[in-house]
Each structure stands twice: as C-alpha cells, then as structure tokens.
Participant: 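This is the structure, below, for whatever I ask next.
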Amino acid sequence: MTLTGRHRSAKTATRAGARRPIGFTSAGLALGLAIPAGALAAPSATPDEPAVMHLVQLVDAPIAAYPGGRSVRNGALDGTRPRRGQRLGVDSVAVRRYRAYLDQQLRSVLQQLPGVPAVYAYRWTFNGFAAALTPDQVAAARRLPGVRSVTRDSVHTLDGLEPAGTTEFLGLPGPTGAWERLGGPARAGAGTVIGFVDSGIWAAHPSFANPRPAAPRYRGTCDAGRVVKDFRCRGALVGARWYLSGLTPDAGEPRSPADHDGHGTHAAAVAAGAADVESDLGVVSGVAPAARIAAYKACWRVDGVATCAESDTVAAIDQAVADGVDVLNVAIDGASGGSPADDPLASSLYRAAQAGVFVAASAGNDGPGARTAHGKPWLTSVAAGTHDRAPAAVVRLGDGTRLTGAGLGAGVPARPVVDGGQCGAGSLDPGKIRGRIVVCLRDANGRADQSAEVERAGGVGMVLTNADADTLTADRHAVPTVHLDAPATGKLRNYLRDESPSAALEPARMRATGGSRPEVAEFSARGPDGDALAPDLMAPGVDVVAAVSPARDGAMFGLRSGTSVATAQVSGAAALLRAAHPRWSPAAVKSALLTSATGGDNRISTSGGESAGPAEYGAGALAINRALDPGLFFDSSAAATAPYSAQNTASVVLGSLAGVRSVRRTVTNAGSTTARYVARVDEPPGVDVAVSPAELTLEPGATASFTVTVHRVSAPYDQLAAGSITWSDGTHRVRLPVAVTPVVVAAPASVELGDPLTVVPGFTGRLSARVSGPVPAVGHTGRLRVTGERARFSSAAPKASDRVARFTVTVPPDTALARFATDAFDYPVGTDVDVFVYRDGKRVGRSGGPAADERVDLAEPEAGRYEVYVQLVDAPGSGPLPVRLDSYVVDDGEPAAERSVSAGTPLRLSGVPAEGRGRWLGRIRWSDGGTGEATTLVSAVDRLFTDDRAAD
C-alpha cells in the first residue's frame with residue numbers, strides 16, 4: 001500500500017459452486033431470466049508455487065472488541081471491550097487473562113500448520129497472525145475450525161503529493177486563540193500521544209527537540225533498529241517502532257524507525273511539531289505543540305514510492321493501540337475503504353476506534369472525480385483545502401520593479417540577467433551563463449531539469465516564466481528559482497530589452513495570498529460514500545511547510561500537499577480536544593470537530609471558483625477554537641453492522657433516498673449550564689426536511705433525541721442535494737450537514753442469480769423493469785511466461801509478447817454493457833495480471849490491481865472491435881502459465897414487467913431456480929418511464945475453467 005494513493009485490493013473470491021439464474025415474482029411482477037447451459041473446467045496447480053504472505057483471522061474477537069462470556073477451564077473470561085467514553089485497560093486483569101487465551105488459541109492453530117512460522121501475532125484490534133503460506137497451506141488453514149478467514153497480503157501507498165505554517169489560519173496563537181484557552185503552546189495537547197502509522201520519523205529534527213509534558217497512559221518503547229546513527233527517542237518523541245515483513249524496500253532505506261521518505265516526519269511536525277520553529281520559509285508550528293509523538297514505521301520506499309504492506313500496517317495499528325495512543329494518524333490510501341467483516345486493515349481501524357482511539361484517515365488524492373473518498377462513521381475522513389499562505393519569492397529588476405512568483409530557498413544578490421530560452425539539457429553556453437541569473441521558458445522539459453541545466457552552465461539563479469499558463473509551482477531547484485505567471489513574464493521580457501538588464505532574487509517566504517475563502521484542492525477526493533459523509537471535514541492540505549527528513553536531499557523543511565497533510569492537522573486538533581476533554585469518546589471528538597466546522601454558508605469554493613458543498617468538504621473547514629466548546633455533541637459506540645444512516649452521526653446522509661426516510665439522532669449537552677436549543681432547517685433544493693421536536697432543553701451532561709424526516713419533492717434523481725440543520729442556544733451553533741441523493745428506485749448494484757432482491761421505489765406510479773441477459777462468459781485463453789525483468793506495458797504502443805496476451809472482442813450495436821474480466825481462481829496464488837482495453841487504438845479502460853482479479857466494465861459501449869491485452873505482471877515460477885480472459889456482451893434487453901408502486905414501499909422479489917452452470921452476467925434496468933433510472937447487475941460464477949481457446 002502507499003501513503004495516500006490508491007488501494008489495490010489483493011483479495012480473491014472463495015465462494016464456489018454453480019449459480020442458478022434468477023426469476024422474480026411479487027404481486028404481479030415477474031422477471032424471467034433464461035440461461036443456456038454451459039460448463040468450464042478446473043485449473044491444475046502449478047508445481048513448486050512459492051509461499052505468499054497472508055493474514056489469517058481467528059474466530060475470537062480481538063481484545064478491543066471482546067464482550068465477555070467465553071468459558072475456560074478455570075472460569076469465564078471477563079469482557080475487555082471498553083464502555084463508551086472509556087479507554088481500553090491494557091494492563092487490566094481481564095485483558096491479561098483474555099490475551100493469554102488468545103495466545104493459546106493461536107498456538108493451537110499454528111500446531112495444525114506444521115512448518116508455518118507466524119511473522120506477526122495480532123491481538124488488540126485484529127485477532128490472528130501473518131505468515132507466508134503456499135496454496136496448499138492456504139487451503140488447509142481455511143479448513144481449520146478456529147480460522148475465520150485467510151486474506152492475501154496487499155499493498156497501499158501513502159496519501160501524499162510533493163510539489164508557512166497554518167496555525168494562524170486555524171486560529172491557534174494569540175490572546176483569543178485556541179492555545180491560550182488551553183494554557184499556552186506549552187500545554188496545548190499536554191498528556192496525549194499521537195501515533196503515526198507512516199514512513200517513520202527523523203528523530204533529531206528541531207521540530208521535535210523540545211521536551212513535552214508526560215503522557216502517563218503510554219507504554220510503548222523506542223526501537224532504534226539497525227543501519228542508522230544517533231536514532232533515539234527524545235523531546236517530543238516518546239516511542240518508535242518499525243515493521244518490515246511484507247516488502248523488500250529500496251537499498252539505503254534504514255531498517256529502523258528513521259524516516260527516509262520524509263512523509264512521516266512532515267505529518268508528525270504538522271500535527272505536533274514544536275511551536276515557533278524557524279525554517280527557511282518562516283516560523284512554523286504544529287497544531288498540538290505539547291502532544292507527544294509515537295512513530296510506527298510500516299511504510300517503506302519501494303521503487304521510489306512510499307509503500308505499505310497490509311501485514312505490516314495491521315501490526316503497527318495493533319501495537320499502537322496496545323501502547324496506549326490517544327490519536328491515530330493513518331494517511332494510507334484505501335485505509336478505510338473495506339468492510340471490517342472481510343478487510344483486515346478496515347477491521348483493525350474499526351477495533352482501534354472501539355478501544356477508544358480517535359482515528360483520522362485521509363480521504364484520498366483521487367479527486368476531483370465523484371465517490372472516490374472512503375469513509376466510515378468511526379473514522380474521520382479528511383479532505384484537503386488551501387490556506388492563506390503560499391510560497392512566494394520576488395524578482396527585483398534593475399529598474400526597481402518587483403515581480404512576485406512562487407519559489408523556495410535562498411535569494412541571489414543583483415546579477416546580470418540573460419535569456420536562456422527553453423534551457424534544455426546541454427543547450428546553455430557556460431561562457432554566456434556563468435555568474436548570471438537565467439530566464440527560462442517553461443515547456444515540456446521538467447522544471448527541475450531546467451534549473452539543473454542552469455547550474456551545469458554556471459548560472460547562479462533562474463527565473464522560470466510562463467508563456468500562457470498561469471499555474472505556478474514552488475519546487476526545490478538546483479539553483480534559487482522564482483516561477484512567474486504570464487502577466488509578470490510579459491513585464492520581465494519587456495525589461496530584458498534594456499541594454500544591461502540585471503535582477504536580484506529575494507529569499508522565498510510564505511506570504512499571505514489575500515484570498516477571501518479557502519478552496520477545496522482539485523486532487524482532494526470527493527464523496528459521499530453511500531450513507532457516510534466522506535470526506536467528513538476539510539483542513540489545510542496545500543503547500544504546507546513543516547519538517548522533512550534530510551535523508552533524501554539534505555533539506556530540513558519542505559512543502560507538501562495532499563489529504564495526508566490535512567489529516568495531520570485534524571490529528572493535532574483531536575489531541576487538543578482529548579487533552580481538554582479527556583472523558584470524551586472518539587465519536588464525541590469527531591462530533592465537536594464536525595458541528596463546529598465553518599464554510600457551510602458558501603464560504604468554501606472549488607479550485608475553479610464555484611461554490612463547494614458537502615461532497616467536497618464534508619461538514620466544512622476545521623475550526624478548532626469553536627470545537628473546544630461545541631455546545632452539543634453526538635456520541636455513539638462504533639457499530640460496523642448497523643446502517644450508517646441509523647448511527648448517531650453528526651450528519652444526515654442518505655445515499656439513496658427513495659420515498660420518505662426518517663432518522664433519529666441523540667445529542668448531549670457539553671456545557672456546564674442548562675441550555676435551550678432551537679433548530680433551524682436549510683432544506684436541500686427540492687427536498688422537504690422536518691425536525692421533531694424543533695426545541696430541546698438540556699441540563700448539563702443530559703441527552704435528548706430528535707427525528708429528522710426527509711422526502712423528495714422535486715429534486716432531480718441521482719444528484720446530490722445538500723442543506724443543513726443548525727441547533728442554536730444563542731451562543732453555540734451546532735450545524736449538521738444534510739446530504740441526500742434521490743433515486744427512482746433504491747436497488748442493489750448487484751445480486752447473484754437465484755438470490756432474493758428487494759427494491760424500494762422513490763416515486764408513486766408505474767415501475768418498469770427491462771431485463772438484459774444474462775449471457776454466458778466467453779473464455780479467451782492463451783499462455784504466457786515470466787521472462788527476464790518485469791516489462792512495463794506501453795499504453796501508446798500496446799502489443800502482444802511473451803508476457804502480454806492480446807484478444808479481440810466484437811461488440812455489436814445496441815450493447816448495454818461490455819465486461820472484460822480475469823478471475824484469480826483461474827491463476828496460482830501469487831499471480832498478478834493487469835487488463836487493458838482499446839478501441840481504434842485508444843485506451844478506453846484499465847484494471848491494474850496487485851493480484852489476478854481484474855475487471856473493466858463499459859456501459860453503452862460503441863459498436864466495433866475491441867483489443868483487450870492481459871499483461872502477466874508476476875507469477876510463481878517461470879514456466880508457461882495458462883491465462884484466461886472472460887468477456888461478456890449484454891444487449892439492451894426487452895421490457896420484462898411493469899407494475900404500480902408507492903413511494904417508499906419495499907418491493908420484495910424472490911429468485912426461482914433455473915438450469916445452467918458457468919459464469920454469467922445480466923442487467924435489470926429499473927425506470928419510472930421518464931428520466932429516472934437505476935441498474936442492478938445480476939451474475940453467477942461457477943469456478944470451473946477450461947484451457948480450450950474460445951473463438952475471437
């Protein structure tokens with residue numbers, strides 16, 4: 001996995017057996033789907049298949065979730081799951097006894113897997129172990145009675161983008177700032193520990209040098225590791241550990257908590273760096289400068305990318321909870337995207353929240369596409385926005401004109417200026433460049449490559465100019481550099497006509513932008529994610545200055561952007577709240593952060609200048625001062641199985657509003673006096689929202705409940721409609737976002753043939769169902785071989801080779817859906833294939849996960865011949881390997897049924913058996929007869945395989 005990048009799941013399906021077609025009957029509605037017969041043959045195992053890292057989950061609950069009731073020889077084991085608002089008692093008698101029981105169960109399972117050593121033993125947030133297993137050992141483990149699941153290890157990346165401080169923007173310093181309310185910077189976050197599951201930390205950095213108040217609950221250790229000098233925990237750093245079993249990192253990466261990438265150091269400094277540290281870009285401070293820091297290095301540079309194996313990451317989270325961290329910072333892509341029921345990482349984070357740890361997770365850097373953010377009610381998913389500072393540097397011309405642009409680093413005194421053109425490699429004459437400042441035109445050459453050419457030719461500085469584009473970037477350059485926009489470029493070029501032009505470069509600083517409102521970063525992932533408001537919150541995440549590791553280029557401070565940077569701001573804020581309110585649960589802390597957020601009144605924009613909404617920023621922009629005194633908060637226990645809309649969240653989000661929906665919320669008075677709150681509703685356009693009761697009177701610490709009823713009046717289908725509910729007592733404003741998506745029918749996205757189906761119409765009228773297929777898979781087979789170095793697939797010039805198979809699929813007119821897929825069941829464990837789809841030489845789809853489960857779906861594809869390439873990325877052994885691609889071409893179908901429906905009344909449909917084995921795909925399109933539609937895919941999977949080539 002990489003730090004906030006895309007999570008590439010490595011799971012394989014295990015459900016086997018024939019699936020029958022589906023027939024639906026319900027009060028006059030009948031859908032009959034006929035399937036022709038067919039069969040596939042099973043694959044043979046490849047000999048000498050190597051062991052691959054897996055995570056084995058055992059049946060008992062982990063320590064953070066065990067409710068009690070387990071009987072053992074010497075009596076029942078008391079529960080270890082903490083109550084709401086309490087923390088996990090890591091040293092309690094109940095925990096020690098239950099941990100001993102889990103250890104005994106683990107030994108029992110391992111004894112039945114001879115020759116399998118456990119790399120990690122998980123107990124606190126995930127019960128199980130990690131081990132390298134062969135396919136036969138995987139099958140044996142799954143049959144053991146004490147095993148719940150076996151999941152292949154996967155990788156993620158860190159959520160960081162690389163191109164002063166944000167404390168003033170967040171309202172922290174000053175006589176009315178949040179720090180003053182907490183006793184000053186020396187007490188802001190005192191007694192708390194923030195755990196960073198990241199790329200490690202540069203322990204000797206001045207941002208972590210100052211001593212901090214003790215954190216008595218924390219009981220971690222400092223593991224200095226190997227191949228690193230002078231690493232020791234001091235100042236802010238109270239603990240450091242490292243985890244490396246699932247990856248092979250690049251050479252030079254220290255086997256210790258020491259940070260080589262810089263991502264972890266930057267995150268820790270943003271959240272809890274010391275106050276008023278002088279950098280080359282100005283004075284910087286962390287959000288919680290009195291909090292302690294614990295580093296859990298689970299992410300390592302692999303091929304130059306900060307990458308995290310799930311086995312290492314789960315071990316780090318498990319240990320952080322056992323060590324007693326108060327806040328957990330996880331800026332790993334996909335870290336919250338799975339279900340706790342079947343995803344070890346998601347399960348570990350869920351149990352961490354149950355243990356009383358506040359978890360901040362990055363929303364992802366895959367914006368601005370919709371529904372790319374991952375969120376869960378027990379996590380706080382963070383979007384990235386701009387702030388009121390930007391890295392600026394000035395070119396001072398010989399005539400006194402000052403041109404401001406973007407830049408980093410030191411200045412250059414007045415020197416002659418020369419035009420270097422595009423400053424391509426080898427293009428500059430040292431005789432004309434030496435000792436001068438060079439003006440370079442930004443073009444296809446890399447910006448850093450241009451400054452490297454200036455340095456090679458002896459130039460002392462560079463002015464990078466834009467001919468027409470106005471995008472400016474502050475990079476680390478080989479020589480001091482200022483990047484100018486197009487208007488400033490025009491003025492500079494006019495001046496260059498002087499007989500002896502000269503200029504000086506002023507040192508770069510973070511300067512006020514003068515912007516009236518923050519913007520959502522274009523890269524920040526959008527939501528919502530079903531019934532979860534993801535992202536939950538927005539914090540500064542663009543060009544934020546903080547400490548970095550000098551291991552890469554010697555720099556001690558740097559600018560970074562990404563939702564990971566924003567996540568660190570929220571982690572620091574959570575530490576401030578936990579220090580001020582030690583009895584608050586993680587849900588209460590999240591509620592205070594969300595209900596106090598600002599910007600819901602059109603004060604946040606997108607990078608294009610339009611007004612942003614909850615899909616971009618969640619509840620709004622982080623406002624720490626208000627969060628310290630929220631008035632009311634919404635408390636809850638983490639609940640993985642309950643519908644998210646039914647959980648007591650500080651928002652009302654309905655991902656599929658069909659008819660009338662009601663949700664119930666309960667608030668707690670956080671104040672010290674009795675208060676009367678009145679609700680004000682800002683309805684989403686075209687949606688009616690009613691709150692009952694509309695007034696609440698609460699004594700200190702008391703709770704009260706209210707119901708929110710929502711129904712569509714005229715809002716368009718399948719478009720997010722946003723509004724809010726604000727409770728006010730005249731002093732506090734407690735704002736809940738309301739985000740609903742009306743649908744013509746709430747129907748599951750997919751269902752297996754033969755399984756029952758329930759849909760809920762969102763209108764009153766006649767509902768029609770148009771059935772397409774199902775159609776059998778057409779199997780395209782070939783043989784590939786692992787040869788030599790891993791070849792990179794050329795998107796511009798795709799071709800078949802020993803490692804790339806090409807198949808041709810004809811898609812006829814009026815096709816509703818085309819699918820091209822590979823199934824991991826057809827390949828040995830450890831195989832990785834990618835799929836690329838082209839039409840007329842243009843790539844129209846790609847699927848590139850780390851295993852052999854890949855799928856490209858094309859809705860309403862153009863008719864024609866499609867070239868589909870299957871690349872063998874990796875496989876056990878080097879012998880020939882059979883590969884299979886399944887293609888499905890589903891036509892538009894025929895009207896199958898129609899009936900009268902009432903909005904909000906469920907329509908229950910039951911499947912009927914039919915004959916036929918194989919792999920199948922079909923589609924049901926639901927419609928109100930107008931513009932509203934919904935789609936349900938119906939499929940069946942028979943895990944049989946044939947090596948016979950299908951006709952293309």
Participant: Could you check Arg680 against Arg733 for side chain to side chain contact (heavy atoms under 4.5 Å, CB included), going step by step and ending with a plain yes or no?
Facilitator: CA-CA 10 Å; Arg680 189 196 75 211; Arg733 294 177 67 253; 4.3 Å; yes

Participant: Which residue, Phe634, Tyr677, Phe706, forms the ring-ring contact (aromatic ring centres under 6.0 Å, His included) with Trp727?
Facilitator: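 Of Phe634, Tyr677, Phe706, ring-ring contact (aromatic ring centres under 6.0 Å, His included) with Trp727 is met by Phe706 alone.
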
Participant: Could you tell me if Ser662 and Thr709 have a donor-acceptor pair between their side chains, going purely by distance under 3.5 Å?
Facilitator: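 The criterion, which ignores hydrogens and geometry beyond distance, is satisfied for Ser662 and Thr709.
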
Participant: So do Arg351 and Pro340 actually touch side chain to side chain, heavy atoms under 4.5 Å?
Facilitator: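 Sidechains of Arg351 and Pro340: no contact.
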
Participant: Whether the Asp326 and Thr192 side chains hold a donor-acceptor pair (N or O, under 3.5 Å, no angle test) is what I'd like checked.
Facilitator: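 Checked: Asp326/Thr192 side chains show no N/O donor-acceptor pair below 3.5 Å.
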
Participant: So Leu349 and Ile317, do their side chains get closer than 4.5 Å, heavy atoms only?
Facilitator: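 Answer yes - side chains close enough.
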
Participant: Is a donor on one side and an acceptor on the other found under 3.5 Å between the side chain of Asn625 and the backbone of Asp629?
Facilitator: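 Flag not set: sc Asn625 to bb Asp629 has no pair under 3.5 Å.
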
Participant: Thr666 and Asn648: side-chain donor and acceptor closer than 3.5 Å?
Facilitator: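 Judged by distance alone, the side chains do not pair up.
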
Participant: Taking the side chain as everything from C-beta on, heavy atoms only, tell me whether Leu533 gets closer than 4.5 Å to Pro614.
Facilitator: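 Leu533 reaches Pro614 side chain to side chain.
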
Participant: Tell me whether Glu699 at atom CD has more than 12 heavy atoms from other residues, nucleotides or ligands lying less than 6.0 Å away.
Facilitator: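 Incorrect, the count does not exceed 12.
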
Participant: Okay, side chain of Gln569, backbone of Ala566: is any donor-acceptor separation there less than 3.5 Å?
Facilitator: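 Side chain of Gln569 to backbone of Ala566, a donor-acceptor pair under 3.5 Å: no, none is there.
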
Participant: For Phe523 versus Gly541, what's the shortest heavy-atom pair and its separation?
Facilitator: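 Nearest heavy atoms, Phe523 then Gly541: CZ-O, 3.7 Å.
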
Participant: Would you say the side chain of Asp323 lies within less than 4.5 Å of the side chain of Val193, judging by non-hydrogen atoms?
Facilitator: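 SC-SC contact between Val193 and Asp323 ruled out.
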
Participant: Out of Leu559, Val284, Val565, which residue meets the side-chain contact (heavy atoms from CB on, under 4.5 Å) rule with Val544?
Facilitator: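 Answer after filtering Leu559, Val284, Val565: Val565.
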
Participant: Verify, without hydrogens or angle tests, whether Lys590 (side chain) and Ala650 (backbone) share a donor-acceptor contact under 3.5 angstrom.
Facilitator: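 No.
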
Participant: Between Ser571 and Thr567 (side chain of the first, backbone of the second, donor and acceptor by atom type, cut-off under 3.5 Å), is there such a pair?
Facilitator: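 Yes; judged by distance alone, with no hydrogens or angles, the pair exists.
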
Participant: Would you compute the distance between atom CD of Gln354 and atom OG1 of Thr80 and round it to the nearest 0.5 angstrom?
Facilitator: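 So the gap between those two atoms works out to 10.0 Å.
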
Participant: Please report the C-alpha distance between Leu622 and Ile624 in whole Å, then the side-chain angles of each, then the deciding distance to 0.1 Å, and finally whether the side chain to side chain contact (heavy atoms under 4.5 Å, CB included) criterion is met.
Facilitator: CA-CA 6 Å; Leu622 179 64; Ile624 299 174; 3.9 Å; yes

Participant: State the CD1-CD1 distance between Ile293 and Ile194, to the nearest 0.5 angstrom.
Facilitator: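 The CD1 atom of Ile293 sits 7.0 Å away from the CD1 atom of Ile194.
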
Participant: Please report the C-alpha distance between Val663 and Leu654 in whole Å, then the side-chain angles of each, then the deciding distance to 0.1 Å, and finally whether the side chain to side chain contact (heavy atoms under 4.5 Å, CB included) criterion is met.
Facilitator: CA-CA 10 Å; Val663 298; Leu654 301 174; 4.3 Å; yes

Participant: Between Phe633 and Trp584, what is the ring plane arrangement, given parallel below 30°, perpendicular above 60°, and tilted in between?
Facilitator: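 Judged by the thresholds at 30° and 60°, the geometry between Phe633 and Trp584 is tilted.
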
Participant: Counting only heavy atoms not in Arg676, do more than 12 sit closer than 6.0 Å to its CZ atom?
Facilitator: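 No, because the 6.0 Å sphere around CZ of Arg676 holds 12 heavy atoms or fewer from other groups.
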
Participant: Please assess Val327 against Val589 for the test side chain to side chain contact (heavy atoms under 4.5 Å, CB included), listing each intermediate value before the final yes or no.
Facilitator: CA-CA 11 Å; Val327 176; Val589 173; over 6 Å; no

Participant: Distance alone, cut at 3.5 Å: any donor-acceptor contact between the side chains of Asp536 and Ser381?
Facilitator: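 No, no side-chain donor-acceptor contact under 3.5 Å.
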
Participant: For the ring pair Phe557 and His205, is the centre-to-centre distance below 6.0 Å?
Facilitator: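 So the answer is yes for these two rings.
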
Participant: For Glu519, does its backbone N or O pair with a side-chain atom of Thr386 as donor and acceptor, under 3.5 Å?
Facilitator: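 The answer is yes, because a donor-acceptor pair under 3.5 Å joins these two groups.
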
Participant: For Ala352, is there any backbone N or O sitting under 3.5 Å from a side-chain donor or acceptor partner on Trp124?
Facilitator: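 Not at all, since once roles are kept as given, no pair shorter than 3.5 Å links the two residues.
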
Participant: If you round to the nearest 0.5 Å, how far is OG1 of Thr176 from CZ of Arg181?
Facilitator: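 The OG1 atom of Thr176 is 10.0 Å from CZ of Arg181, to the nearest 0.5 Å.
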
Participant: Within a reach of under 6.0 Å around CZ of Arg187, are more than 12 heavy atoms found that belong to other residues, nucleotides or ligands?
Facilitator: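 Incorrect, the count does not exceed 12.
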
Participant: Say you draw a straight line from CG of Leu698 to OG1 of Thr674; how long is it, rounded to the nearest 0.5 Å?
Facilitator: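 So the CG of Leu698 and the OG1 of Thr674 are separated by 8.5 Å.
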
Participant: Does a donor on one side chain sit under 3.5 Å from an acceptor on the other, for Arg626 and Thr598?
Facilitator: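 Checked: Arg626/Thr598 side chains show no N/O donor-acceptor pair below 3.5 Å.
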
Participant: Taking all atoms of both residues into account, what is the closest heavy-atom pair of Ala615 and Leu720, and its distance?
Facilitator: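 Distance-wise, the nearest heavy atoms are CB-CD2, 3.7 Å.
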
Participant: Between Arg665 (side chain) and Ser651 (backbone), is there a donor-acceptor pair under 3.5 Å?
Facilitator: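 Yes, the answer is positive, given that a donor and an acceptor are paired below the 3.5 Å cut-off.
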
Participant: For the pair Arg234 (side chain) and Ala209 (backbone), establish whether a donor and an acceptor sit closer than 3.5 Å, ignoring hydrogens and angles.
Facilitator: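 No, because the side chain of Arg234 does not come within donor-acceptor range (under 3.5 Å) of the backbone of Ala209.
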
Participant: Give the minimum heavy-atom separation between Ala275 and Pro185, together with the two atoms involved.
Facilitator: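 Closest approach of Ala275 to Pro185, heavy atoms only: CB-CB, 3.9 Å.
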
Participant: When you measure from the side chain of Ser692 to the backbone N and O of Thr707, does any donor-acceptor pair fall under 3.5 Å?
Facilitator: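 Checked: no pair found.
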
Participant: Counting N and O atoms only, with roles assigned by atom type, does the side chain of Asp729 sit under 3.5 Å from a partner on the main chain of His732, one being a donor and the other an acceptor?
Facilitator: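 Checked: pair present.
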
Participant: Closest approach of Leu628 and Ala178, non-hydrogen atoms and distance?
Facilitator: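 For Leu628 and Ala178, the tightest heavy-atom pair comes out as CD1-CB, 3.8 Å.
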
Participant: So, for Pro289 and Gly286, which heavy atoms are closest and what is the spacing to 0.1 Å?
Facilitator: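 Nearest heavy atoms, Pro289 then Gly286: CD-O, 3.6 Å.
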
Participant: Taking the side chain as every heavy atom from C-beta outward, state whether Arg87 and Pro82 have any pair of such atoms under 4.5 Å apart.
Facilitator: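 No, their side chains stay 4.5 Å or more apart.
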
Participant: Looking at every non-hydrogen atom in both residues, tell me the closest pair between Ala331 and Ser564 and how far apart they are.
Facilitator: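 Scanning both residues, the minimum pair turns out to be CB-CB, 3.3 Å.
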
Participant: Taking C-beta and beyond as the side chain, do Glu616 and Met538 meet within less than 4.5 Å on heavy atoms?
Facilitator: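 No - every pair of side-chain heavy atoms lies 4.5 Å or more apart.
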
Participant: Measure the spacing between CD of Glu180 and CG of Leu182 and express it to the nearest 0.5 Å.
Facilitator: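 The distance works out to 9.5 Å.
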
Participant: Report yes if some heavy atom in the side chain of Thr703 is under 4.5 Å from a heavy atom in the side chain of Thr668; otherwise report no.
Facilitator: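 A side-chain contact under 4.5 Å exists here.
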
Participant: So if I apply the side-chain contact (heavy atoms from CB on, under 4.5 Å) rule between Val738 and each of Val653, Val687, Val652, which one comes out positive?
Facilitator: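 Among Val653, Val687, Val652, the one meeting side-chain contact (heavy atoms from CB on, under 4.5 Å) with Val738 is Val652.
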
Participant: Compare all side-chain heavy atoms of Trp179 with those of Ser285 and state whether any distance is below 4.5 angstrom.
Facilitator: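 SC-SC contact between Trp179 and Ser285 confirmed.
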
Participant: When rounded to the nearest 0.5 angstrom, what distance separates OG1 in Thr380 from CG in Leu328?
Facilitator: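 Those atoms lie 11.5 Å apart.
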
